[in-house]
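Keep in mind it's a predicted model, so treat the numbers as computed, not measured.
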Amino acid sequence: MTEALEPLEPVTEDWQRALAIVAHPDDLEFGPAAAVARWTGQGKQVVYCLVTSGEAGIDGMPPARARQVREQEQRDSAALVGVDTVDFLGLPDGILEYGVALRRELAAVVRRHRPDIVITNNFRETWDGGLTLNQADHIAVGRATLDAVRDAGNRWIFPEQLIDGVEPWNGVRQVWAASSPRSKHGVDTTETFDKGVASLLAHEAYLTGLGDGSFDAQEFLEGGARPVGTRLGVRYGTSFEVFHFDLW
């Protein structure tokens with residue numbers, strides 16, 4: 001049996017608060033939004049943090065206008081899966097760099113929201129472990145997220161943030177990178193798959209600018225969710241590479 005067909009282990013769901021940190025509006029909708037809908041339906045709290053506003057993502061729309069449009073589309077999209085808190089950090093789209101500055105921004109977000117689980121997107125060099133290259137912003141944000149989770153728990157790193165009642169936070173148990181080619185875990189999204197599709201369709205301006213306008217959101221998401229579902233023994237699923245912080 002090839003690695004692609006190996007069964008996935010279900011992610012833990014004995015948590016209450018999650019923070020999703022990604023680079024752009026639509027990143028979560030092309031990834032784990034249906035899983036988010038499952039968890040908010042269980043009464044869990046999920047907060048979104050968008051590092052950029054995706055202002056460089058629509059070729060035919062000036063960045064200042066695209067920023068406004070894409071932020072509103074992300075808020076509308078998040079609401080469809082039960083998320084009512086969406087933070088935008090306002091960093092420049094397309095030219096994010098991994099490093100201390102980005103770690104500092106993300107550590108502050110972790111300290112502010114104090115999650116049990118942190119979710120990000122695949123930050124490996126490719127999407128398939130082969131030739132389908134990932135995008136530089138995704139890689140920078142995912143790598144910085146891992147480090148920022150550790151930074152957030154150390155009071156001697158970015159101590160200038162510890163004012164007005166802000167304290168270190170070392171309560172993050174795991175970081176989950178959605179759709180990683182190294183995923184060994186997953187979650188059943190069969191019941192919430194349609195909400196995931198609706199959340200992607202909410203990015204109307206962005207999707208309109210893709211190719212010749214023939215993009216089919218449901219078909220695209222099914223193409224990823226069905227193989228994952230097979231590995232979980234269900235119809236649809238979302239996969240995750242899990243990094244443990246509760247073992248440190």
Compare all side-chain heavy atoms of [X] with those of [Y] and state whether any distance is below 4.5 angstrom.
{"X": "T126", "Y": "L131", "result": "no"}
{"X": "F245", "Y": "V149", "result": "yes"}
{"X": "E167", "Y": "R111", "result": "no"}
{"X": "Y48", "Y": "T85", "result": "no"}
{"X": "R235", "Y": "R226", "result": "yes"}
{"X": "W39", "Y": "V187", "result": "yes"}
{"X": "R70", "Y": "S53", "result": "no"}
{"X": "S179", "Y": "F30", "result": "no"}

- Item | E13 and R38 ion-paired at < 4.0 Å |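 Answer for the salt bridge query: yes.
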
- Query: Does the pair R173/D116 count as a salt bridge with the N-to-O cut at 4.0 Å?
  - Reply: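 No, no charged N to carboxylate O under 4.0 Å.
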
To the nearest 0.5 Å, how far apart are [atom1] in [X] and [atom2] in [Y]?
{"X": "D27", "Y": "H203", "atom1": "CG", "atom2": "NE2", "answer": "9.0 Å"}
{"X": "T145", "Y": "I21", "atom1": "OG1", "atom2": "CD1", "answer": "4.5 Å"}
{"X": "L102", "Y": "L91", "atom1": "CG", "atom2": "CG", "answer": "6.5 Å"}
{"X": "E105", "Y": "C49", "atom1": "CD", "atom2": "SG", "answer": "9.0 Å"}
{"X": "D194", "Y": "L221", "atom1": "CG", "atom2": "CG", "answer": "10.5 Å"}

- Query: In the single-linkage hydrophobic clustering (I, L, V, M, F, W, Y; side-chain heavy atoms under 4.5 Å), do I119 and V51 co-cluster?
  - Reply: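 Result: no, two separate clusters.
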
- Is it true that V197 and L80 fall in one hydrophobic cluster, defined by side-chain heavy atoms closer than 4.5 Å?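 Not linked; separate clusters.
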
[X] versus [Y], closest heavy-atom pair with distance:
{"X": "T40", "Y": "V81", "result": "OG1-O, 2.7 Å"}
{"X": "A56", "Y": "D93", "result": "N-OD2, 2.8 Å"}
{"X": "N122", "Y": "P181", "result": "OD1-CD, 3.3 Å"}
{"X": "P168", "Y": "G153", "result": "CB-O, 3.9 Å"}
{"X": "E97", "Y": "A140", "result": "C-CB, 4.1 Å"}

- Mind jotting down which residue pairs meet the ring pair (Phe, Tyr, Trp, His ring centres under 6.0 Å) criterion with at least one end in residues 106-154? Sequence neighbours excluded, please.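 Residue pairs with at least one partner in residues 106-154: H24-H138, F123-F243, W127-H138.
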
Donor-acceptor pair, [X] side chain versus [Y] backbone, under 3.5 Å?
{"X": "R103", "Y": "A148", "answer": "no"}
{"X": "S180", "Y": "F240", "answer": "no"}
{"X": "Q135", "Y": "D137", "answer": "yes"}

- Check the angle between the aromatic planes of W176 and W15 and answer parallel, tilted or perpendicular using the 30° and 60° thresholds.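 Answer is perpendicular, since the angle exceeds 60°.
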
- Item | Pair D84-R75, salt bridge (charged side-chain N to carboxylate O under 4.0 Å, His left out): steps then yes or no | CA-CA 8 Å; D84 56 17; R75 293 187 185 98; over 6 Å; no

- Verify side chain to side chain donor-acceptor pair (under 3.5 Å) between E29 and Q74, making sure each step is shown before the conclusion. CA-CA 9 Å; E29 288 67 47; Q74 182 61 75; 3.2 Å; yes

- Task: Take Y236 and E222, measure what side chain to side chain donor-acceptor pair (under 3.5 Å) needs, and give me the verdict at the end.
- Result: CA-CA 8 Å; Y236 296 130; E222 282 187 354; 3.0 Å; yes

- Message: I'd like to know whether R104 forms a salt bridge (charged side-chain N to carboxylate O under 4.0 Å, His left out) with E160, so could you lay out the CA-CA distance, the side-chain angles of the two residues, the decisive distance to 0.1 Å, and finally the verdict.
- Response: CA-CA 10 Å; R104 179 182 290 108; E160 72 280 0; 3.3 Å; yes

